[in-house]
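Right, one structure below, let's go through it.
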Amino acid sequence: MKLGLFSAAFPQWSLEQFLAWSAENGFEMVEIACWPPGKAERRYAGVTHIDVTNLTPAGAKEIQAMLKNYGLQISSLGYYPNPLHPDPDHRQTVIEHLKKVILAAEMLEVPIVGTFIGKDKNKTVPQNLEEYAKVWPPIVKFAREHGIKIAIENCPMIFTYDEWPGGNNLASTPAIWRKMWEIIPDENFGLNLDPSHLILQMIDYIRVVHEFKDRIFHVHAKDLMIDREGLYNHGVLSQGMGWQVPRLPGFGEVDWGKFIGALYRVGYDYVLSIEHEDRAFEGTEDLVKRGFLIARDVLRPYVH
């Protein structure tokens, strides 16, 4: 297993700055943010460390040479939009960019693209699954034709009242995953598993590892703290509003020894990619770096 990190927390850095710092600090793999250049639609989005809209074979070779120079591998190209957005124009725009990310992964010889299924937050799960059954088969087929695996992060994307009531990502629970793969059973279609989102939903993250072992392509290392005072005041029907607190590994509810032990036990041996969304380590570049280094030190004893 290798220790990695997601580049989205360093929006001001160039790709080479990010690679140099990652290598210097003992990371072995990097997950690269590949949003289209422009303004972010939310926190930790809109970050472009590889501009896939302009990537050429020559440019891909330059990036590969840079990676080799720093002794790093790309675990995944990351782009997390809403491909089931209710606005058809927005939906088409993000799907077209997702296809460009897939083509870039092929060019860079990166095996995985991490993304979201998306969701119309004002529709029911069955209604969203109907849309999913129309929208997603051609995307998965396109990725398969280019030798790329699609790893869907299991974040429900409900952090603010803008995302209320249903959240902006369908793929958040075991029941939904089973239905997703019933509709699209393709072997190149799986999970970018993040245990923090299972903590939020009171889902047994060890059982998930065992049940879905064949669909875990990539793992995000992020933690979640439950603010018990907030939970008391707002209750579970608030869907996390007022009590879910994203944290770096070691500062939340995930038992990383048990979680990583379960991954080893089922044969997962790829990457733990630290995803930094911890507000206690934001605001300055030094704080962001410090957060990653603390998470690295928490996880390092388990990663060999």
Side-chain angles (χ1 to χ4, degrees), residues 4 6 8 31-35 42 44-45 74-85 91 94-95 97-102 104-105 110-121 125 128-144 146-159 163 166-201 203 205 208-209 211-222 263 266 268 270-273 275 277:
F6 188 25
E31 181 183 2
I32 304 298
C34 293
W35 272 263
R42 64 176 194 273
Y44 296 106
I74 298 177
S75 64
S76 171
L77 299 185
Y79 172 51
Y80 297 87
N82 187 350
L84 296 184
H85 196 282
R91 181 187 293 192
V94 301
I95 290 171
H97 187 76
L98 179 56
K99 288 180 177 178
K100 290 175 184 175
V101 178
I102 291 166
V110 173
I112 293 169
V113 166
T115 192
F116 287 148
I117 289 296
K119 192 178 185 184
D120 182 337
K121 65 186 177 63
V125 166
N128 273 282
L129 282 166
E130 284 179 21
E131 284 300 301
Y132 158 85
K134 297 173 194 171
V135 170
W136 269 93
I139 300 172
V140 175
K141 181 184 178 187
F142 181 83
R144 186 180 69 244
H146 291 277
I148 301 301
K149 292 180 178 180
I150 298 288
I152 300 296
E153 189 184 348
N154 55 297
C155 178
M157 279 307 295
I158 182 162
F159 294 103
E163 295 151 340
N168 287 332
N169 186 35
L170 177 65
S172 59
T173 69
I176 294 171
W177 302 335
R178 293 186 203 106
K179 191 66 180 174
M180 279 168 44
W181 292 316
E182 180 185 316
I183 295 166
I184 308 175
D186 302 46
E187 291 183 1
N188 69 314
F189 190 41
L191 292 174
N192 181 7
L193 184 65
D194 183 332
S196 71
H197 307 306
L198 303 175
I199 295 287
L200 166 68
Q201 298 173 93
I203 294 170
Y205 55 89
V208 160
V209 169
E211 180 177 352
F212 298 100
K213 60 185 178 182
D214 296 330
R215 294 289 184 172
I216 301 172
F217 295 167
H218 196 275
V219 173
H220 267 173
K222 189 163 92 265
L263 290 170
V266 301
Y268 178 84
Y270 189 48
V271 70
L272 280 175
S273 181
E275 186 183 19
E277 295 184 355

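Because the structure is predicted, anything quoted here is derived from the model rather than measured.
Using a distance-only test at 3.5 Å, with no hydrogens or angles considered, a donor-acceptor pair links the side chain of Y268 to the main chain of V219. In terms of modelled atom types and a separation under 3.5 Å, the side chain of D186 and the main chain of N188 share no donor-acceptor contact. A distance-only check finds no donor-acceptor pair linking the side chain of Y270 to the backbone of I216 [under 3.5 Å]. With hydrogens and angles ignored, the 3.5 Å screen pairs no side-chain donor or acceptor of H220 with any backbone N or O of N154. Looking only at distances, no side-chain donor or acceptor of N192 sits under 3.5 Å from a matching main-chain atom of A151.
Looking at Y79 and L98, their side chains come closer than 4.5 Å, going by heavy atoms from C-beta outward. When side chains are defined from C-beta on, M180 does not count as touching R215, because their heavy atoms never get closer than 4.5 Å. Residues P81 and T115 are in side-chain contact: their nearest non-hydrogen atoms beyond the backbone lie under 4.5 Å apart. Proximity of N168 to I158: side-chain heavy atoms (C-beta onward) are nowhere separated by under 4.5 Å. Side-chain contact check for D120 versus E131: every heavy-atom pair is 4.5 Å or farther apart.
Closest approach of K119 to G167, counting heavy atoms only: CD-O, 3.3 Å. Taking both residues in full, the closest heavy atoms of A105 and I148 are given as CB-CD1, 3.7 Å, listed atom of the first, atom of the second, then distance. Here the closest heavy-atom approach between residue E31 and residue F6 is recorded as O-CD1, 3.3 Å. Looking at every heavy atom in both residues, N82 comes nearest to G118 through OD1-CA, 3.0 Å. W136 approaches F116 most closely through the heavy-atom pair CZ2-O, 3.2 Å. Taking both residues in full, the closest heavy atoms of P174 and V208 are given as CG-CG2, 4.2 Å, listed atom of the first, atom of the second, then distance.
Residue C155 holds its SG atom at 8.5 Å from CG of L200, rounded to the nearest 0.5 Å. Here the CG-CG distance, from L272 to L193, works out to 10.5 Å after rounding to the nearest 0.5 Å. The distance from atom CG of N128 to atom CG of N169, rounded to the nearest 0.5 Å, is 10.0 Å. Rounded to the nearest 0.5 angstrom, I32 CD1 and S76 OG are separated by 9.5 Å. Considering CD of E130 and CD1 of I183, their distance stands at 9.5 Å, rounded to 0.5 Å.
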Applying side chain to side chain donor-acceptor pair (under 3.5 Å), run through H218 and S273 and close with a yes or a no. CA-CA 8 Å; H218 196 275; S273 181; 4.7 Å; no

Would you sort out whether R178 and E211 count as a side-chain contact (heavy atoms from CB on, under 4.5 Å), showing the intermediate values? CA-CA 10 Å; R178 293 186 203 106; E211 180 177 352; 2.8 Å; yes

Determine, step by step, whether H85 and V94 satisfy the side-chain contact (heavy atoms from CB on, under 4.5 Å) criterion, reporting the C-alpha distance in whole Å, the side-chain angles of both residues, the deciding distance to 0.1 Å, and the verdict. CA-CA 9 Å; H85 196 282; V94 301; 5.9 Å; no

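Checked options L129, L170, T173; the residue passing with K179 is L129 (criterion: side-chain contact (heavy atoms from CB on, under 4.5 Å)).
With hydrogens and angles left out, the side-chain atoms of H197 and S172 include no donor and acceptor closer than 3.5 Å.
By the 6.0 Å contact criterion, CD on E187 is open, its count of non-hydrogen atoms from other residues, nucleotides or ligands being 12 or less.
Classification of the Y132-F189 ring pair by plane angle, with boundaries at 30° and 60°, yields parallel.
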